[in-house]
Amino acid sequence: MGKTLTHIILESHLVSGKLIAGEEIAIKIDQTLTQDATGTMAYLEFEAIGIPRVKTELSVSYVDHNILQTDFKNADDHLFLQTVAMRYGIWFSKPGNGICHQVHLERFAKPGKTLIGSDSHTPTAGGCGMFAVGAGGLDVAMAMAGKPFYLRMPKVVGVYLRGRLRPWVSARDVALYLLSKLTVKGGLGKVLEYFGEGVKTLSVPERATICNLGTEMGATTSIFPSDEVTRAWLYAQGREEDYVELKADDDAKYDEIIEVDLSRLEPLCACPSSPDNVKRVVEEAGKPVYQVIVGSCANSSLKDLLLVAKVLEKHKVHPMVSFEVNPGSLQVLENLTVLSGMKSLIEGGTRLHQAGCLGCIGMGQAPPTNAISLRTFTRNFPGRSGTNPDFVYLVSPETAVASAIKGVITDPRELGEYPEVTLPERFVINDSLLIPPLPEEEAKRIEIIRGPNIAPLPQFDELPEDLEGVFILKVGDNITTDHIMPAGAQILPLRSNLPAISQYVYRNVYAEFPKVALTLKEKGLSVGVIGGENYGQGSSREHAALAPRYLGVRIKLAKSFARIHRSNLINFGIVPLVFENSKDYDLLEKDDKFVIRGLREGLLRGEKRFKIEVEGKGEVWVLGEFTERERVCLIKGSLLNLARE
Ligand code: MIC
Ligand code: SF4
């Protein structure tokens, strides 16, 4: 039986387990990436493991999220990250060099290799034929220490592409179409593997946009084959030697097949406030917009910005619109300048920002009250923009620029002829903000600089025999890590300081959460949270597990969990349990008191069913289907405790 591309790559990296959907496998990791908002913690963890130099083929530390320096905090983090990189043999991408995923695609992504990154959009590199997965910082730290990465073997969904996109319809619309079919949880436990004759019509950055947004469907990763288009991309980047041809066998057997006829797609948008709230742009047309931003790791490549620039050669931005461009990387910025795109952006009325995440994670660019903001970003979770409530739509660069010109949501096809966008055969390459690792001898002498924003990691206690406590919060379906541990310009700078950031847990849902939790913790009681389906979707931020753990949370009981969040919970000793009978979700309420007797013992014995006694309500049976590795980690209270041993 023929193999999928996913199977081909995983087979060559398999350390343990069998490639059977649902089983735990361990794979060798070739490359890692971190970004600053998750990186500080990941490197503190790496230091705690105590390895003198990274053991991967390549590890890169990017600074792209916390680039507003309103006081010492983010600047302290940058210096810590740079000196850590120098000390341990890691590449360092300085602030201003661009968004990790865009830069990685340009400078490092290699077909056939494995990559894990402490950012959920790491699958972007799948556009270049890599098996690239988002993970918690501790998993990345372990990979840098030469340990394999554990995951449940996903099902492989073949996405068969036929035809070619019509003018004004772009890669974003392919992803939005899939989001409308799959929703934010349709990709859970799956890899989306693209194949078919439509593949060759898409450039590597377009493929990367599609892979990037697979994350919003909950997919483990997404991947495209490596073909002549990939070779041309690597050649353009001066890295032709990294090319290998890679594709699924012709008779590959997929667990499921989805067909997409590219030529039938039209401009789509994700309406407020979920990436899967997809409608046709024509349905929303005519609504006034006050802010339009082109940027983020999904849509800020040279092709995206050049398209916008070409359109602005003939049009001007509407006077009521703040039209903003956040370039994906310094390389994009430089090539755009060489190709005169910068001139048209400026003359057309664009507000230009530095290369980085910026408003995508609420680092500036908050929209006005009650105003629609159109963005080419990845997520429009409520309040993520920094304004609450907000009205954020996710669209393609084509729809963004058309709407910026008209001042209302506009189907870009109204602009008439589609401009010709030709990418250079060879990009201008400038790695001046990308610092290579130091040779080993020199690296050993580097002293790591720790400003006051770098707080040491706390100790994590082991799991007690019985868990007794209170469910202090009950939430619904699709709760995001942005609900649990919000981001934004005020909170992100606290990422390296657990006691400080934990004060913001569930800030916009239940502001009393930290106080109530800590009071229980002081009394020696455990804190529990009840959730619905797909609990913890969205980012990879391990702070959404670490900070609640610091506050005394020991169990989360939900109908189902998002992959990365579930791993992060286990890594930090919070037990993720699932209702055996989802009707029991209705029975339980906030402030219910619970006891789980013999939880530790049960986990030791490998039990998979546990009884929760709920005061005044009787018994509720829950499932805890953990692998042996996960059970040991839960008992020890943290993977870090295990790694230290
Ligand atoms: C995001 O887009 O939500 C982030 C910010 O990039 C996160 C990582 C983080 O919270 O630092 C992600 O996607 O993993
Ligand atoms: Fe940065 Fe936004 Fe991409 Fe996250 S989704 S890495 S915040 S650009």
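In listed order, ligands and their atoms are each counted from 1. We count residues from 1, following the sequence as given.
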| said: In terms of relative ring orientation, are Y88 and F46 parallel, tilted or perpendicular, with 30° and 60° separating the classes? | reply: perpendicular

| Nearest heavy atom to atom 8 (C) of ligand 1: which of H121, Q35, R384, R541 does it belong to? | Q35

| request: Decide yes or no on salt bridge (charged side-chain N to carboxylate O under 4.0 Å, His left out) for R351 and E324, but give the supporting numbers first. | output: CA-CA 5 Å; R351 180 174 169 193; E324 310 185 25; 3.3 Å; yes

| Shortest non-hydrogen contact between T399 and L374, atoms and distance | O-CD2, 4.4 Å

| message | Geometry only, no angles: is T378 polar-contacting ligand 1 at N/O separations under 3.5 Å? | response | no

| How close does the nearest protein non-hydrogen atom get to atom 5 (S) of ligand 2, and which residue and atom is it? | T378 OG1, 3.2 Å

| request: Give the single entry among A544, G136, S118, S539 that approaches atom 7 (C) of ligand 1 most closely by any heavy atom. | output: S539

| field | Given L33, T215, V133, the one that forms side chain to side chain contact (heavy atoms under 4.5 Å, CB included) with T122 | value | L33

| field | Subset of ligand 1 atoms that lie under 4.0 Å from at least one heavy atom of A37 | value | 11 (O)

| said: Over 60° means perpendicular and under 30° means parallel, so tell me whether H565 and Y535 are parallel, tilted or perpendicular. | reply: tilted

| field | Whether H104 and F108 hold their rings parallel, tilted or perpendicular, with breakpoints at 30° and 60° | value | tilted

| request: Taking only heavy atoms of R495 into account, list the atoms of ligand 1 that are under 4.0 Å away from them. | output: 9 (C), 10 (O), 11 (O)

| Element-labelled atoms of ligand 1 that are located less than 4.0 Å from some non-hydrogen atom of D119 | 4 (C), 6 (O), 7 (C), 8 (C), 12 (C), 13 (O), 14 (O)

| query | Below 2.8 Å, any N, O or S contact between C360 and atom 2 (Fe) of ligand 2? | reply | yes

| request: Taking only heavy atoms of H65 into account, list the atoms of ligand 1 that are under 4.0 Å away from them. | output: 4 (C), 5 (C), 6 (O)

| message | For ligand 1, which is the ligand I care about here, please tell me if S540 has any N or O atom under 3.5 Å from one of the ligand's N or O atoms. | response | yes

| What distance separates L44 CG from I49 CD1, expressed to the nearest 0.5 Å? | 11.5 Å

| query | Can you tell me how far the CD1 atom of I223 sits from the CD1 atom of I210, to the nearest 0.5 Å? | reply | 14.0 Å

| message | Show the atoms of ligand 1 that are less than 4.0 angstrom away from any heavy atom in T38. | response | 9 (C), 11 (O)

| request: Please state whether the separation between atom 3 (Fe) of ligand 2 and some N/O/S atom of C297 is under 2.8 Å? | output: yes

| request: Heavy-atom contacts with D119 under 4.0 Å: which atoms of ligand 2 show up? List them by number with element. | output: 6 (S)

| query | Which of these, R375, H65, Q35, H101, has its nearest heavy atom closest to atom 4 (Fe) of ligand 2? | reply | H65

| task | For the pair E216 and R379, evaluate salt bridge (charged side-chain N to carboxylate O under 4.0 Å, His left out) and give the outcome as yes or no after the intermediate values. | result | CA-CA 8 Å; E216 302 320 314; R379 309 186 154 138; 3.0 Å; yes

| said: Taking 4.0 angstrom as the limit and counting only heavy atoms of S120, give me the atoms of ligand 1 inside it, by number and element. | reply: 12 (C), 13 (O), 14 (O)

